[in-house]
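We use all heavy atoms of the structure for the numbers below, so side chains are in, but hydrogens, waters and symmetry mates are not.
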Amino acid sequence: VQLQASGGGSVQAGGSLRLSCVASGSTLDYDAIGWFRQAPGKEREGISSISLSDDDTYYADSVKGRFTISRDSAKNTVYLQMNSLKPEDTAVYYCFAGDMPYNYGSNWGTYGVDSWGKGTQVTVSS
């Protein structure tokens, strides 16, 4: 599957952005689609995913209550609505296809991701 992420940009703190991840090709081999992010000088962080079988959702504590993940199966698209953005949300955001995080812990990005999309930059100014 090929994943195309879009929707990044520059906003002020408190603003909102919606990221989109369009999957081209079959997603039958994957359990979930979601998002990681990586800020300069920091480790990659898995922030959200949605199960393609039952719409179960996962959020990292850092984004819980502010970000909402959803999907439109007819469009093969997963969305990440990001509200109440903070400067610490500044990062490159990558969508992925793979697994939900529950069996991987800190190894989610290493072993639980089968396909990565190119990143989209999100910059939040204070």
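- No side-chain heavy atom of V63 sits less than 4.5 Å from a side-chain heavy atom of L80.
- Transitive grouping of hydrophobic side chains (ILVMFWY, heavy atoms separated by less than 4.5 Å) keeps I33 and V113 in distinct clusters.
- For the pair S10 and S125, the minimum side-chain heavy-atom distance is 4.5 Å or more.
- A continuous path of ILVMFWY side-chain contacts below 4.5 Å connects W116 to M100, so both sit in one hydrophobic cluster.
- Residue W35 is grouped with residue M82 when hydrophobic side chains (ILVMFWY) are merged at heavy-atom distances under 4.5 angstrom, including chains of intermediate members.
- Proximity of a side-chain donor or acceptor of T120 to a complementary backbone N or O of G8 within less than 3.5 Å is detected.
- Atom OG in S106 sits 9.0 Å away from atom CD in E43 (nearest 0.5 Å).
- Atoms OG1 and CZ, from T57 and R71 in turn, are 11.5 Å apart once rounded to the nearest 0.5 Å.
- Checked against I47 for a side chain to side chain contact (heavy atoms under 4.5 Å, CB included), the options Y59, F36, Y93 give a single hit: Y93.
- Nearest heavy-atom pair across V1 and S115 is O-OG, 3.2 Å.
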List the steps and the verdict of side chain to side chain contact (heavy atoms under 4.5 Å, CB included) for I50 and V78.
CA-CA 8 Å; I50 185 166; V78 170; 4.1 Å; yes
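- Interatomic distance, R18 CZ to Q81 CD, rounded to the nearest 0.5 Å: 7.0 Å.
- Remark: Q121 CD is packed, more than 12 non-hydrogen atoms of other residues, nucleotides or ligands lying under 6.0 Å away.
- The hydrophobic cluster containing F96 does not contain I69, counting ILVMFWY residues as joined when their side-chain heavy atoms lie under 4.5 angstrom apart, directly or transitively.
- Separating the CZ atom in R66 from the CG atom in L85 is a distance of 6.5 Å, to the nearest 0.5 Å.
- Looking only at side-chain heavy atoms (C-beta outward), Y111 and N103 stay at 4.5 Å or farther from each other.
- At a threshold of 4.5 Å between non-hydrogen side-chain atoms, the residues S48 and F67 do not count as touching.
- Contact record, C95 with L3: SG-CB, 3.6 Å, taken as the closest heavy-atom pair.
- D56 contributes atom CG, which lies 9.0 Å from atom CG of D31 (distance to the nearest 0.5 angstrom).
- For the residue pair T110 and N107, no side-chain donor N or O sits within less than 3.5 Å of a side-chain acceptor on the partner.
- The structure places NZ of K118 at 13.5 Å from OG of S6, a figure rounded to the nearest 0.5 Å.
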With side chain to side chain contact (heavy atoms under 4.5 Å, CB included) as the criterion, how do V122 and L19 come out once you've worked through the C-alpha distance, each side chain's angles and the decisive distance to 0.1 Å?
CA-CA 9 Å; V122 172; L19 304 184; 4.1 Å; yes
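- Under a 4.0 Å N-O distance rule, the pair K86/D89 does not qualify as a salt bridge.
- D72 contributes no side-chain N or O that, together with a main-chain N or O of T77, makes up a donor-acceptor pair within less than 3.5 Å.
- You'll find the side chain of S62 reaches within 4.5 Å of the side chain of R37, heavy atoms only.
- Following chains of ILVMFWY side-chain contacts shorter than 4.5 Å, one can reach L17 starting from V124, so the two form part of one hydrophobic cluster.
- For the pair A13 and S126, the tightest heavy-atom approach, listed with the atom from each and the gap, is CB-CA, 4.3 Å.
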